[in-house]
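The analysis underlying the following values was restricted to heavy atoms, covering all of them including side chains, and did not include hydrogens, waters or symmetry mates.
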Amino acid sequence: MAGGARFRAGARSHRGAAAFRVPGPSRAEPGRAVPSRAMGQIEWAMWANEQALAAGLIMLTGGIVAVAGQFKGWYFAVYAIAAGVFVCLLEYPRSKRKKGSTMERCGQKYMTAVVKVFGPLTRNYYVRAVLHAALAVPAGFLLSTILGTVCLGIASGIYLLAAVRGEEWRPIEQKPRERPHVGDTIKQPPSNPPPRPPADARRKQPAEEGGQVNPIPVEAE
């Protein structure tokens, strides 16, 4: 009797433990799709480009304010203006994405041709990361341009991450439109005759065979 009571008590405790068991990570069901790592890839160069362009504009604005107000150390502001213009011109043309379409900026095809001339110096993101980090240092000595310095430093870090992931700048080139061939535009004449109605429909009606009967009598004078 005592053994049977112990067995029933153990079974109840086992059921209670199973009822309050915390659900853990289960295996994927065969019918459920598992998201792959390829779907979660991010092109960091796209974010670095936007960050660097904004940093160039901020640095340019801060430099103009410092020069106009004759701040102490205004020569750093002159450098910030030149660096901001250079960064904006370099970062204005967007890079072509690996997957999907890329919307180019207005008039970026002219700057794309200039950036392509320098080859690996502008295509490699390691070079851009080091270049932006070096350009950001002198502008950090002035209060009006320190915000642009911080933003350009962040862009340098994102470019370094993009370079580590194997990304590089690729120009957006428009493919020339193919002219249609002359033979494709000219329609070929039909080779088969048009369909004809059946023989029963082609037979003349009795009224058509005897001619038209005028219901109003006409007298000839």
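Among pairs with a residue in residues 124-149, those fulfilling ring-ring contact (aromatic ring centres under 6.0 Å, His included) read Phe76-Phe141, Tyr125-Tyr159, His132-Tyr159, at least two apart in sequence or across chains.
Across Pro171 and Lys96, no two heavy atoms sit closer than the pair O-CB, 3.9 Å. The shortest non-hydrogen separation linking Ser144 to Ala66 is OG-CB, 3.3 Å. The nearest pair of heavy atoms linking Val67 to Ala77 is CG2-CB, 3.7 Å.
A donor-acceptor pair is defined here as one N or O able to donate and one able to accept, closer than 3.5 Å; such a pair exists between the side chain of Glu167 and the backbone of Ala45. A distance-only check finds a donor-acceptor pair linking the side chain of Arg170 to the backbone of Arg97 [under 3.5 Å]. Looking at Arg94, its side chain never comes within 3.5 Å of a backbone N or O of Met46 through a donor-acceptor pair. With hydrogens and angles ignored, the 3.5 Å screen pairs a side-chain donor or acceptor of Thr145 with a backbone N or O of Ala139. Side chain of Tyr79 to backbone of Leu135: a donor-acceptor contact under 3.5 angstrom is found.
Put simply, the side chain of Cys151 reaches to within 4.5 Å of the side chain of Gln51, judged on heavy atoms. Side-chain contact between Leu152 and Met59 is present, with at least one heavy-atom pair separated by less than 4.5 Å.
Residues forming a ring pair (Phe, Tyr, Trp, His ring centres under 6.0 Å) with Phe86 (at least two apart in sequence, or on another chain): none. Here Cys88 pairs with Leu53, Leu57 under the side-chain contact (heavy atoms from CB on, under 4.5 Å) rule; sequence neighbours left out. Checked against side-chain contact (heavy atoms from CB on, under 4.5 Å), Val115 has the following partners two or more places apart in sequence or in another chain: Pro93, Thr122, Arg128, Trp169. Here Leu89 pairs with Val85, Met111 under the side-chain contact (heavy atoms from CB on, under 4.5 Å) rule; sequence neighbours left out. Take Arg105 and apply the side chain to side chain donor-acceptor pair (under 3.5 Å) test, not counting sequence neighbours, and it matches Asn49, Glu50.
Between Asn124 atom CG and Phe118 atom CZ the span is 15.5 Å, to the nearest 0.5 Å. From Thr149, atom OG1 reaches atom CD1 of Ile58 across 10.5 Å, with rounding to the nearest 0.5 Å. A distance of 9.5 Å separates OH in Tyr75 from CG in Leu142, rounded to the nearest 0.5 Å.
Both Leu161 and Val150 belong to a single network of hydrophobic side chains, linked directly or stepwise wherever heavy atoms of I, L, V, M, F, W or Y lie under 4.5 Å apart. Grouping the Ile, Leu, Val, Met, Phe, Trp and Tyr side chains by contacts below 4.5 angstrom, directly or via other members, places Val65 apart from Ile81.
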